[in-house]
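What follows is one structure encoded as structure tokens, with my remarks underneath.
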Amino acid sequence: MPTRETLTKADLAELRRSALGTANPLGVAADLAEAVEQGRLEDPDDAGDALTLAAEIAEIRARPEAALRYAEQALAAYPSGDDPRAGFARALRARTLFRAGGHDDEAMAELTALRPLLLVQPDAPAYVSAALDAGGRSATAETWLSEAVDTLLKEHATAASGPASTAIDPVVDLGPPDAPGVAFFLLQQRHRVRRNLNLPHDRQDDLADRLETQLVRRAGERRDAESDLLFWPRAEFDRLLAEHPALAEVYGPDWDAHRGRLETELVRLRGAGQAGLGVFAATVAGLTAFADRRDGDPADAAVRAGYAAEVSARPSARIAWPPERNDACWCGSGLKYKKDCLPRSRS
């Protein structure tokens, strides 16, 4: 990453995907912090997110002091600690405190304050339970997630049938396939935590399985006649076709064709009146893990549709489209959009 250039949202999205694969991830983290300090963000409102990314890189690379410093700077950059975007930074700070040792009470206080977010933020169950797991408190994560599920299901049952309802299996609104609701992610994360703890399957685990099946089916029905808008960065694309050659028919025989298909589809959707378009960065490991949870084949259309629905619900996976003509191309090639993918829809 050039250290003197202005960083755009697209740059930050690309670094989120690629920083850990660079030769010097900690250098990337330092560059991000420097960009914030020097006012080199195109949108100053991105300062908290840029510093949170720096903290995450440092934490993963086992540099707790740097991770804590960046996390605290990130929290100071958000308008308030209650800003919805600050939740991950606070959980990351708690995770780092656990791993640094001697700060367990402080870490638990931070996570306890985040506990209400389990009921309102789709990504909170994952980042809160990951922080608890880092502190050897997976059993606490299971308790918190179970209590949140109970609360949410009671709310759903009351809304559906009134206060007197005693429904044994309340209806849960999944939301659209490309943006599942809080209940879906809460149930899925609880299911994963319980599986890791080797706990017996219970009724809420059964509900998590059924909801995932419903989402996969609905996503498949919705996407039968349209692209799933999954974008495979070059290394992931090469690995995808090496492991699943048949998917060349779906995603293209080479990376140029893959990007061309996505660009063409995005142009078509914009022409049909759709706004807020983007693609969603996919990984072979993510697809394989999803298929394993479903006991399915990664090449199966229904499995791919379900994975696409899961990925497209993650804000961090979204790459906005289109960039400005002279901005970096959305595909991460490093070329300007006008010199790379923009012309692909015309060929």
Side-chain angles (χ1 to χ4, degrees), residues 1-3 7 9 11-41 44-115 117-118 121 123-138 140-141 144 189 193 196 281 283 285 314-317:
M1 180 183 71
T3 58
L7 292 182
K9 289 183 184 294
D11 292 331
L12 292 175
E14 173 59 26
L15 287 173
R16 202 171 283 118
R17 293 190 298 275
S18 64
L20 291 173
T22 63
N24 184 14
L26 292 172
V28 173
D31 285 345
L32 285 166
E34 184 181 78
V36 172
E37 182 180 358
Q38 295 177 352
R40 290 190 289 105
L41 296 181
D45 195 46
D46 289 335
D49 293 344
L51 288 162
T52 299
L53 176 57
E56 185 176 15
I57 293 169
E59 195 272 340
I60 291 172
R61 302 294 291 184
R63 295 293 189 275
E65 291 184 2
L68 284 173
R69 182 173 69 253
Y70 294 144
E72 286 164 3
Q73 290 173 354
L75 292 173
Y78 288 117
S80 76
D82 295 327
D83 187 292
R85 298 170 299 169
F88 178 68
R90 294 175 68 186
L92 185 59
R93 179 177 179 275
R95 196 166 82 194
T96 306
L97 287 169
F98 276 135
R99 289 179 172 162
H103 301 280
D104 287 16
D105 290 346
E106 187 179 356
M108 281 303 298
E110 186 78 273
L111 293 174
T112 300
L114 294 177
R115 191 173 175 181
L117 297 183
L118 296 174
Q121 284 193 5
D123 53 348
Y127 66 63
V128 169
S129 61
L132 288 167
D133 181 67
R137 289 166 168 77
S138 293
T140 300
W144 286 13
Q189 186 62 29
V193 169
N196 290 340
T283 66
R314 300 176 194 150
S316 61

Qualifying residues under side-chain contact (heavy atoms from CB on, under 4.5 Å), relative to [X], sequence neighbours excluded:
X	value
R314	E310, V311, S316, A317
A130	R95
L26	N24, A58, R61, R63
A47	V36, L41, A77

Under the side-chain hydrogen bond (donor to acceptor under 3.5 Å, both in side chains) test, residues paired with [X] that sit two or more places apart:
X	result
D83	R85
T96	none
Q189	S129, R192
D104	none

Solution key, residues 66-74 side-chain donor-acceptor pairs under 3.5 Å, sequence neighbours excluded:
| residue | atom | partner | partner atom | Å |
| --- | --- | --- | --- | --- |
| E72 | OE2 | R93 | NE | 3.4 |

**Non-hydrogen side-chain atoms of F88 and D123 separated by less than 4.5 Å** =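 In short, these two side chains do not touch, never coming nearer than 4.5 Å.
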**Item:** Partners meeting salt bridge (Lys or Arg N to Asp or Glu O under 4.0 Å) with D11 (sequence neighbours left out)
**Value:**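 Applying salt bridge (Lys or Arg N to Asp or Glu O under 4.0 Å) to D11 gives none.
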**Message:** Could you check whether any side-chain N or O of R40 sits under 3.5 Å from a backbone N or O of Q38, counting only pairs where one atom can act as donor and the other as acceptor?
**Reply:**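 Flag not set: sc R40 to bb Q38 has no pair under 3.5 Å.
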